[in-house]
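Have a look at the structure below before the remarks.
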Amino acid sequence: CSEYQKALKSEDTGVKYSMADSLYNAGKYRKSLKLWEQIVPAYRGKPQAERIMFLYADAQYQEENYYLAGYQFDRFVSAYPDSDKAEEAEYKAAVSYAELSPNYQLDQSETEKGLTQLQQFITSYPESSYAEDANERIKELSIKMQKKSFEIAKGWHKIMQYPAAISSLDDFLSDYPGSPFREAAFFYKLDSQYQYGSKSINVLVKPRLEEAIEMYETLINYFPEGDYRAQADEIKADIDSILENYS
Amino acid sequence: TAQQDLPVSNGKQYEIGEISVVGAKQYNEQTVIAFTRLRSGDLVYLPGDRISNVIKKLWDLDLFSDINLYATINGDKVDLKFEIEEVPELNKVTINGIKEKKAKDIIKDNDLNKGTKVTENLITKTKFYIENKYKKEGYLNSKVTIITRPATDTVETQKVDMLVNVELSDRVKIEDIEFIGNEQLSDAKLRKQMKNTKQKNIIRFWKRSKYIAENFAEDKVSVVDKYKENGFRDARIISDTLIHSGEDLITLKLYVEEGNKYHIGDIDFLGNTVYSDKELARQLGLEKGDVYNGVLLKERISKDGDPNADDLSNLYKNSGYLFSTINPVETKVENDTIDFEIRITEGKLAYFDRITITGNDKTKDRVIYRNLRTRPGQRYSQAAVLQTTRELGQTGFFDPEQLNPQFLNANPYDGTIDINYALVEQGASQIELQGGYGGGGFVGTLGLSFNNFSIQNLFNKDAYQPLPMGDGQKFSLRAQASTFYQTYSASLTEPWLGGKKPVQLQLSFSHSIQYRFDFNNRSRGRPDKDSRFLITGGSIGLAKRLEVPDNYFTISHAISFQHFDLKNYNVGLFTFGNGSSENLAYTVGISRNETDINPIFPRTGSKFSLTAKLTPPYSLWNGTDYKALADERAAASIEATQAGRERVAEIDQERFNWLEYYKVKFEGQWFTSLVGKFVLSSKVDFGFLGAYNNDRGIPPFDRFYLGGDGLGGYALDGREVIRLRGYPNQSVLPQDRSQTTTSLDRNDGATIFNKFEFELRYPITLKPSASIYALMFAEAGASFDNFRNYNPFLMNRSAGAGVRIYMPAFGLLGIDFGYGFDPIPGTVGGPNGWETHFIIGQQF
């Protein structure tokens with residue numbers, strides 16, 4: 001019977017506490033977790049609770065149980081807002097939510113929660129040593145949200161629902177003015193309008209393609225040497241040749 | 001960060017000296033002080049925000065029944081003393097006056113568990129709860145008293161016992177409901193309107209007579225509505241009284257003022273530009289001279305709670321005028337005639353702006369978005385929202401009962417609205433694992449079916465959580481093996497091939513091998529490995545949703561190939577025991593599916609499918625003289641010699657080397673909602689298998705087998721098993737089959753069949769964890785060898801009842817008991833009688 005097993009079965013919370021503590025310090029978080037779980041309720045309301053709750057949450061965090069870590073750190077922050085560890089806890093709670101953020105094609109509730117918490121952290125602790133990392137993560141998550149929004153809009157283009165694509169690309173462009181997907185969004189808007197216009201009934205071809213030309217001009221105005229320039233020029237040439245028949 | 005502290009009125013700042021706590025028993029003094037976060041030396045205002053917040057926080061804990069704070073001021077310093085009284089914990093509850101089981105329910109519903117804090121709130125809440133509960137059951141005057149006293153059987157003094165005394169009054173019944181002042185409508189008619197307040201009546205045993213104030217109030221509204229329906233626009237109940245008319249009996253008296261009966265005069269429409277007066281009048285369906293029915297008028301304009309209602313406001317909403325408002329206004333009342341103006345504000349046309357999806361933890365955005373019929377920038381249509389909900393439900397990825405389109409950010413000025421589809425993912429994979437005795441030995445089956453698979457992530461390690469999911473593909477694998485046969489099959493369905501258009505690709509492959517039963521005495525009962533039948537096949541199909549005539553239509557094409565290989569396999573069907581056969585066919589089908597949201601339990605809608613399976617007409621060009629072969633075969637089979645039999649086998653091998661046939665099938669099913677939750681499913685099925693060249697004949701494969709549960713089992717010969725309950729599996733022979741041969745030999749399938757089925761279904765529960773419904777059926781079917789003998793009235797009929805359970809992880813399970821009214825064709829005797837059928841797997 002190892003010391004650890006003895007501590008697990010012991011009735012004495014003190015024994016468990018010191019065992020959990022030394023396991024935690026040795027980096028054996030999984031083992032220490034089992035002990036923390038047992039003693040957290042017993043110490044509730046006692047002076048040691050502050051330290052125990054933090055270490056318990058941190059062990060979850062180190063074990064990458066982000067779901068529980070986020071919850072426990074949140075609890076810690078609301079119970080001990082004046083604690084020396086509050087800053088670290090708030091940061092780690094936010095990181096836990098950010099880590100739970102799934103693939104951009106799935107529901108992004110966790111991402112949004114992570115973003116809010118990270119933003120809140122930076123507002124409360126602008127001077128924190130974690131601030132840089134938090135900013136980095138905010139950038140990463142918001143790019144993910146942008147990618148989601150952009151890919152959904154692009155999806156309408158793919159299934160040839162061009163008016164839907166134009167409408168949602170417009171929403172995308174107004175929602176994310178500084179997005180790295182901005183050029184692509186302008187281009188897909190142009191292509192949607194071009195496809196839509198050239199497949200319209202006769203009387204509508206001209207006005208719709210003229211609108212496409214405006215979109216082309218916006219694109220090359222913003223991104224004169226962008227990745228999509230060549231493709232856009234091709235479309236423009238094609239539009240011009242179609243419009244010759246309508247002049 | 002320091003806590004906010006502000007002085008209240010002329011509060012002064014003091015430095016805290018000593019802090020003490022009196023009265024703490026369960027919690028030690030330090031714990032309480034630590035909780036207040038007050039520290040000796042802190043500066044606080046008295047009176048001030050911080051101190052009052054501390055007291056509020058202590059109260060909020062719900063741990064103390066009394067909190068007092070004493071401040072002793074000593075110059076600039078203040079000593080704080082908290083005097084608290086801890087809330088006792090519950091030790092034991094005793095409930096007197098009612099049955100033990102009811103008492104248990106009360107304890108459960110109010111959480112009266114050992115250790116619960118006994119606050120004033122808990123006591124009041126419990127008292128109110130019990131009184132109300134019994135009021136609802138008709139015990140109008142029940143009394144509940146709750147007392148607590150320190151627990152005697154424990155040493156811990158802060159525990160209390162709770163004693164609940166329930167004094168049930170006798171159940172009050174309504175002796176009589178009287179109406180006074182009604183001339184136009186009889187008492188009985190008005191009483192009938194009162195759905196939940198009823199006079200006592202021995203005959204009406206299903207609804208007790210009881211008086212519940214809220215129900216009575218609702219029922220009074222119904223009475224007035226009844227008057228309104230009959231043209232009495234001004235009818236009202238002036239007053240009502242409740243009289244105790246005997247022991248436990250009450251009489252309700254309602255004084256009614258009926259007013260005049262009105263008729264509709266002129267109806268004018270104002271503000272309409274989209275629809276003409278005439279169109280609106282037709283939609284309204286009320287005419288000059290009709291009895292003025294206020295309730296109907298309201299419903300014709302806008303019926304609450306029915307998004308599909310055929311009313312005026314939906315006429316506007318379905319054409320995009322989401323922000324329209326319609327108000328009827330009485331403009332002139334002359335004698336008994338009322339003129340109306342229907343004032344319409346059409347508002348701006350509404351367009352969908354942002355379409356979002358939440359709750360998709362597994363299914364990828366594009367798999368969902370491509371199914372949406374509400375698209376950004378599109379004109380608003382309520383019908384499109386309903387159709388989207390229906391189609392999302394039918395994917396099977398989400399719980400159809402929890403599908404919830406939420407309208408957000410309605411903006412009447414810009415004419416835009418957003419929709420969020422809130423989804424709840426449900427298990428879309430099924431596993432089938434079976435073992436049992438059947439077909440002469442142990443049979444084991446392993447089937448896996450993944451309905452929301454992601455084949456592109458098959459080799460992506462990270463996507464296994466626990467399986468690659470979310471691309472909307474269906475992937476299934478099945479293996480079944482016994483000592484006599486083995487079958488293996490796999491299939492993959494991609495609903496949007498290439499992602500551009502809803503073109504479904506379906507691939508499947510199967511391989512099976514069957515051994516003969518060994519009749520040799522020494523090894524009897526074991527498979528004879530020298531005598532086997534092998535089938536290998538595959539198919540590839542494409543299906544496309546159509547836009548014309550409407551978007552419920554699908555057209556599909558498939559090419560299938562099967563290779564049959566026989567070795568020493570001389571049984572029933574096959575005159576050639578050694579040989580092979582190839583079955584190459586093209587299937588084209590058109591289908592229409594318009595059933596409602598829940599695919600397990602559709603309530604309305606219909607589905608149809610018509611398919612034709614065709615093989616190339618080889619006999620047109622292969623130069624074989626099948627007429628001569630047929631004649632020679634006829635002659636050889638009469639001979640009845642070994643040489644004759646061999647020649648027959650040779651000829652049959654030549655006739656069936658490449659199978660040549662065509663097969664046409666039709667299937668139609670309608671769902672109708674009846675009273676309550678009952679749903680009627682009506683279904684018809686027809687099938688016909690024919691030959692291009694009558695001398696070559698119809699092959700023994702791909703035939704129809706009627707009877708029983710309709711489960712395929714191990715079908716080796718492409719047979720189609722048609723369900724007909726009340727008869728043994730595949731037992732119902734063609735009606736025109738000769739009666740002289742023995743039944744075993746004759747069971748080689750039919751070429752024509754028809755079937756009619758009615759099923760009355762009732763849902764018991766439609767929870768995502770398990771959907772259960774009960775059903776009653778009546779059905780009739782028949783099969784034939786030849787069109788000349790086809791007779792739609794010659795059928796095997798049956799009726800019975802059963803139940804279905806659908807669990808996402810196991811698919812559909814069910815049992816049916818059917819009674820066959822007719823004898824099996826070819827046998828003599830009475831009705832077939834009762835049969836029990838077990839249903840496994842999906843079958844609608």
Side-chain angles (χ1 to χ4, degrees), chain A residues 43-50 77-84 86-87 90 100-112 123-125 144-145 147-172 174-175 189 192-193 195-196, chain B residues 1-3 24 26-28 30-35 37 39 61 63 351-379 416 418 420-425 454 457 460 462-463 465 469-471 496 498-503:
Chain A
Y43 279 98
R44 192 151 291 151
K46 304 231 166 79
Q48 297 95 320
E50 180 178 338
V77 172
S78 67
Y80 306 100
D82 301 334
S83 164
D84 301 339
E87 176 186 333
E90 206 166 305
L100 286 171
S101 161
N103 178 308
Y104 75 92
Q105 295 189 73
L106 302 177
D107 183 282
Q108 297 296 313
S109 319
E110 307 292 347
T111 314
E112 280 163 26
T123 319
S124 323
Y125 304 98
K144 187 186 268 189
M145 296 298 288
K147 185 171 167 77
K148 182 185 182 76
S149 178
F150 171 66
E151 289 291 337
I152 288 170
K154 204 174 120 189
W156 294 116
H157 173 270
K158 172 140 192 181
I159 63 171
M160 299 181 284
Q161 295 296 332
Y162 300 116
I166 294 165
S167 168
S168 48
L169 285 167
D170 272 337
D171 282 342
F172 171 80
S174 72
D175 288 353
K189 210 179 126 185
S192 298
Q193 183 70 25
Q195 303 276 2
Y196 182 51
Chain B
T1 49
Q3 270 164 308
Q26 250 174 298
Y27 309 94
N28 76 27
Q30 279 313 311
T31 311
V32 179
I33 293 172
F35 185 81
R37 294 230 185 91
R39 266 179 230 171
L61 284 176
L63 293 174
Y351 291 87
F352 292 120
D353 186 14
R354 283 154 208 257
I355 311 286
T356 50
I357 284 163
T358 54
N360 55 324
D361 302 331
K362 292 190 199 120
T363 311
K364 292 180 185 160
D365 283 343
R366 62 184 175 80
V367 174
I368 306 165
Y369 275 90
R370 67 194 185 190
N371 283 311
L372 302 184
R373 291 184 185 275
T374 53
R375 297 172 188 135
Q378 192 185 47
R379 190 195 284 183
T416 58
D418 298 348
N420 177 49
Y421 291 97
L423 309 173
V424 180
E425 300 253 9
S454 173
N457 279 322
N460 176 2
D462 296 335
Q465 299 175 334
M469 301 269 290
D471 274 309
W496 280 65
K500 266 195 147 154
K501 284 189 165 177
V503 174

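Just so it is clear: chains get the letters A, B, ... in the order the sequence lines come, proteins before strands, and each one is counted from 1. Any value given below was found using the heavy atoms of this structure, including those in side chains, with hydrogens, waters and symmetry copies removed.
Using a 4.5 Å cut-off between heavy atoms, B/Phe35 makes no contact with chain A at all. For B/Thr416, no part sits under 4.5 Å from any heavy atom of chain A, backbone or side chain. Heavy atoms of A/Pro163 lying under 4.5 Å from chain B belong exclusively to its backbone. Of the two parts of A/Ser109, neither the backbone nor the side chain holds a non-hydrogen atom closer than 4.5 Å to a non-hydrogen atom of chain B. Proximity to chain A is absent for every atom of B/Thr356, based on heavy atoms less than 4.5 angstrom apart. Both the backbone and the side chain of B/Lys364 come within contact range of chain A, each with at least one heavy atom under 4.5 Å from a heavy atom of that chain. Proximity to chain B (any heavy atom under 4.5 Å) is shown, for A/Ala165, by neither the backbone nor the side chain. Looking at A/Ile152, only its side chain comes within 4.5 Å of chain B, counting heavy atoms on both sides.
Among all heavy-atom pairs drawn from A/Ser192 and A/Ile166, the shortest one is CB-CG1, 3.7 Å.
Take A/Tyr162 and apply the side-chain hydrogen bond (donor to acceptor under 3.5 Å, both in side chains) test, not counting sequence neighbours, and it matches no residue.
Taking B/Gly359, B/Pro376, B/Gly377 one by one and counting their heavy-atom pairs under 4.5 Å with chain A, the maximum is reached by B/Pro376. The candidate from A/Gln161, A/Gln108, A/Gln105 with the greatest count of non-hydrogen atom pairs under 4.5 Å with chain B is A/Gln105.
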